[in-house]
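See structure below.
We number each residue from 1, following the sequence as shown.
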Amino acid sequence: MYNELKGRDFLSLKDYSTEEIKLLLDLAVKLKSEHKQGIRHDILKGKTLAMIFNKASTRTRVSFEIGMFQLGGMAYFLSIQDLQLGRGEPIKDTARVLSRYVDGILIRTYAQSEVEELAKYADVPVINGLTDLYHPTQALADMLTILEHKQKLSGIKLAYIGDGNNMVHSLMIAGTKLGMEVRVATPKGYEPSADVTKMCQDFAKASGGKLILGNDPEQASIGADVLYTDVWASMGQEKEAEERKKHFQDFQINKKILGLADSKAIVMHCLPAHTGEEITEEVFESSQSVVFDEAENRLHAHKAILAALL
Ligand code: CP
Ligand code: NVA
């Protein structure tokens, strides 16, 4: 059960087939259920994960660290400020050094190319803990959350309202590979990357899913099973935050948008949230919001990734 994906990197869900994503989700469901029953595994006994962070993190850092511990292994948090990498040591050297010590490397940074370079030179699996382009570990956990609340993924209508950022790129990939109808509403000029869009249109064609891009949040929300949003300005875009606020005013999940969705729709946000901006406090705290289930599922989805790859 744990052998199919051994040794693989986890840089983007685009590199995983629908079957492989489903395998990870099955594993996450199993590990979560066993954890809740008090069944413990030490399948990663003696294994170690180095975690390089070049951006802030609460959920990703804590859930990977605790996930390693719960599976019998150990994680090392490495802040960029404390690493020689932060003083200019090349990524390719860091990759080769860490590969001599640890069994896996997680990295959160800016450019996807940095993660790819790390993976190219590392002898151990590299996991993308968020770049400006993708956030695949979050998207996997989100699929688990949707599956739990909706009992299926194929055919689910997911409406993402907000910035065409790392989060929506990974949701588009996961969603179109799993046969969902992914609707994306962004302000003009903040659309998802054209390359990712093209790729996801092909995934949708192959899976029987759909990808619909537009600039109308109301249109996107009609009859949706899942409403999803993320911050208007991501990490690294702090200087643009004020300017972005002007363009994103209408791209908020609020009572009106929720009223257009299916009456049993769930509301999701990868967190951290800026309530009053991309989502109202009222909707964030409503019974339809599953944001803390989503945060919890990072732990279970990450344990599946670790158990499968390391
Ligand atoms: N959603 C998410 O990745 O949270 P952190 O930035 O806290 O890791
Ligand atoms: N898009 C956000 C996600 C944070 C988890 C960012 O990159 O800051």
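- Put simply, the residue from Ile107, Ile105, Leu306 that forms a side-chain contact (heavy atoms from CB on, under 4.5 Å) with Ile127 is Leu306.
- We find that Arg183 and Glu181 are joined by a salt bridge, their nearest charged nitrogen and carboxylate oxygen being less than 4.0 Å apart.
- The neighbour count for Lys210 NZ, taken as heavy atoms of other residues, nucleotides or ligands under 6.0 Å away, does not exceed 12.
- No hydrogens or angles considered: a donor-acceptor pair under 3.5 Å links the side chains of Thr109 and Glu114.
- By the 6.0 Å contact criterion, CD on Gln219 is open, its count of non-hydrogen atoms from other residues, nucleotides or ligands being 12 or less.
- Glu277 and Lys245 are joined by a salt bridge, as a carboxylate oxygen and a charged side-chain nitrogen come within less than 4.0 angstrom of each other.
- Ring centroids of Tyr190 and Phe248 are separated by less than 6.0 Å, placing the two rings close together.
- Counting heavy atoms of neighbouring residues, nucleotides and ligands inside a 6.0 Å radius, atom CE of Met74 does not exceed 12 of them.
- Classification of the Phe64-His302 ring pair by plane angle, with boundaries at 30° and 60°, yields parallel.
- Judged by distance alone, the side chain of Tyr160 and the main-chain N or O of Asp163 form a donor-acceptor pair under 3.5 Å.
- Enclosure of atom CZ in Arg40 by more than 12 non-hydrogen atoms of other residues, nucleotides or ligands within 6.0 angstrom is indicated.
- Within 6.0 Å of NZ in Lys22 there are 12 or fewer heavy atoms belonging to other residues, nucleotides or ligands.
- The neighbour count for Tyr110 OH, taken as heavy atoms of other residues, nucleotides or ligands under 6.0 Å away, is above 12.
- With respect to the salt-bridge test (charged N to carboxylate O, under 4.0 angstrom), the residues Lys55 and Asp132 qualify.
- Asp195 and Lys198 are not joined by a salt bridge, as no carboxylate oxygen comes within less than 4.0 angstrom of a charged side-chain nitrogen.
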